[in-house]
Amino acid sequence: MLLLTGPTDAGKTTLALKLLEKAGEAYLLDLDPGQGALPGAFTLFRHREGALTPVRRYLLGALSPRGVEARAVVGALRLARLIPPGSPAVADTDGYLDPGFRLLQVEALVPTEVLVLGWEGFYQALSWRKDLRVRLAPPLPGVRKKTSAERRKNRLERLLAHFQGARPRPLPLGPAGAHPMEPAESHRLYGLLDEEGFLLGYGRLLAWAGDEGLFLTPVAAEVAQVVPTRLLLPIPELPG
């Protein structure tokens, strides 16, 4: 596995996609919960003939690993274990510049190579290792810096795309969601998990009574657990 690290807008995702095109059949481990494929989640993709197909998703429930570092390391490791042995793989990370967290991530994923884009401090923290190939490279040329507004817009578009085709569905509320909530809490997204603890998709709570809630969700598969997240979605924007 090649692990890409570096600050925001260094070109990590662009480089990951270029490498996958050259590799043919390979895997992409999307570890960017803020600007990745599905906000608030990690996704393992299979790349084949130019197309990315989701294999599994893991719910982080936040837009950054900050404050949930242990959960982020566990989620990355659980998805990485699903990659067939010997398969080419690229892990694309977010721009959270915490050396301690990144070192934990490296130890958990055990990549064969770490490519550090524009983050010399982290390169120095790893470059002395003889058991790991570490390279430092400048940010990719031509990568445009996104504004905070552009990032929010990108996340909203991806969430709205996720909710296309959503339908109301009654589901039992988990222990964390069984208590009465303030009206504003209906803006919060809930993660719907399968029996292995992987994320099936999101739901928005429309109404609740006792230990059951009515959720607007695109998920049709069997749900084993409903988990509240830190993600908020404006009600007027939500389809359905």
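Fair warning: this is a prediction, and the values are worked out from it, not measured in the lab.
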Working to the nearest 0.5 angstrom, can you tell me the gap between [X] [atom1] and [Y] [atom2]?
{"X": "Leu159", "Y": "Leu38", "atom1": "CG", "atom2": "CG", "value": "6.5 Å"}
{"X": "Gln105", "Y": "Thr5", "atom1": "CD", "atom2": "OG1", "value": "8.5 Å"}
{"X": "Leu214", "Y": "Leu206", "atom1": "CG", "atom2": "CG", "value": "5.0 Å"}

If you group Ile, Leu, Val, Met, Phe, Trp and Tyr by side-chain heavy-atom gaps below 4.5 Å, do Leu31 and Val106 land in one group?
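Same hydrophobic cluster.
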
Hydrophobic clusters here meaning ILVMFWY residues chained together by side-chain heavy-atom distances under 4.5 Å, can you tell me if Leu160 and Leu189 are in one?
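Shared cluster, yes.
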
[X] side chain to [Y] main-chain N or O, any donor-acceptor pair under 3.5 Å?
{"X": "Glu69", "Y": "Gly67", "value": "yes"}
{"X": "Asp30", "Y": "Gly36", "value": "no"}
{"X": "Arg71", "Y": "Leu59", "value": "yes"}

Could you please spell out the steps behind the side-chain contact (heavy atoms from CB on, under 4.5 Å) verdict for Phe122 and Val134?
CA-CA 10 Å; Phe122 187 63; Val134 184; over 6 Å; no

Thr43 versus Arg57, side-chain donor and acceptor atoms under 3.5 Å
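Checked: Arg57/Thr43 side chains pair up, N/O donor to acceptor below 3.5 Å.
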
Do [X] and [Y] sit within salt-bridge range, that is, some charged N less than 4.0 Å from a carboxylate O?
{"X": "Arg102", "Y": "Asp94", "value": "yes"}
{"X": "Asp9", "Y": "Lys146", "value": "yes"}
{"X": "Arg144", "Y": "Glu150", "value": "yes"}
{"X": "Glu196", "Y": "Arg78", "value": "no"}

Which residues, ordered by chain and number, are linked to Leu117 in its hydrophobic cluster, where ILVMFWY side chains connect at heavy-atom gaps below 4.5 Å, directly or through other members?
Leu2, Leu4, Leu15, Leu17, Leu19, Leu20, Leu28, Phe45, Leu52, Val90, Leu115, Leu140, Val143

Verdict with supporting geometry, Leu63 and Arg155, side-chain contact (heavy atoms from CB on, under 4.5 Å)
CA-CA 9 Å; Leu63 298 176; Arg155 286 193 292 267; 3.5 Å; yes

Should we count CZ of Arg167 as having more than 12 external heavy atoms under 6.0 Å?
no

Arg135: partners by salt bridge (charged side-chain N to carboxylate O under 4.0 Å, His left out), with sequence neighbours left out:
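Residues passing salt bridge (charged side-chain N to carboxylate O under 4.0 Å, His left out) with Arg135: Glu113.
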
Between Tyr190 and Tyr202 (judged by ring centroids, cut-off 6.0 Å), do the two rings come close enough to count as a pair?
no

Which residues share a side chain to side chain contact (heavy atoms under 4.5 Å, CB included) with Ala89, sequence neighbours left out:
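Only Met1, Tyr27, Ile83 meet the side chain to side chain contact (heavy atoms under 4.5 Å, CB included) criterion with Ala89.
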
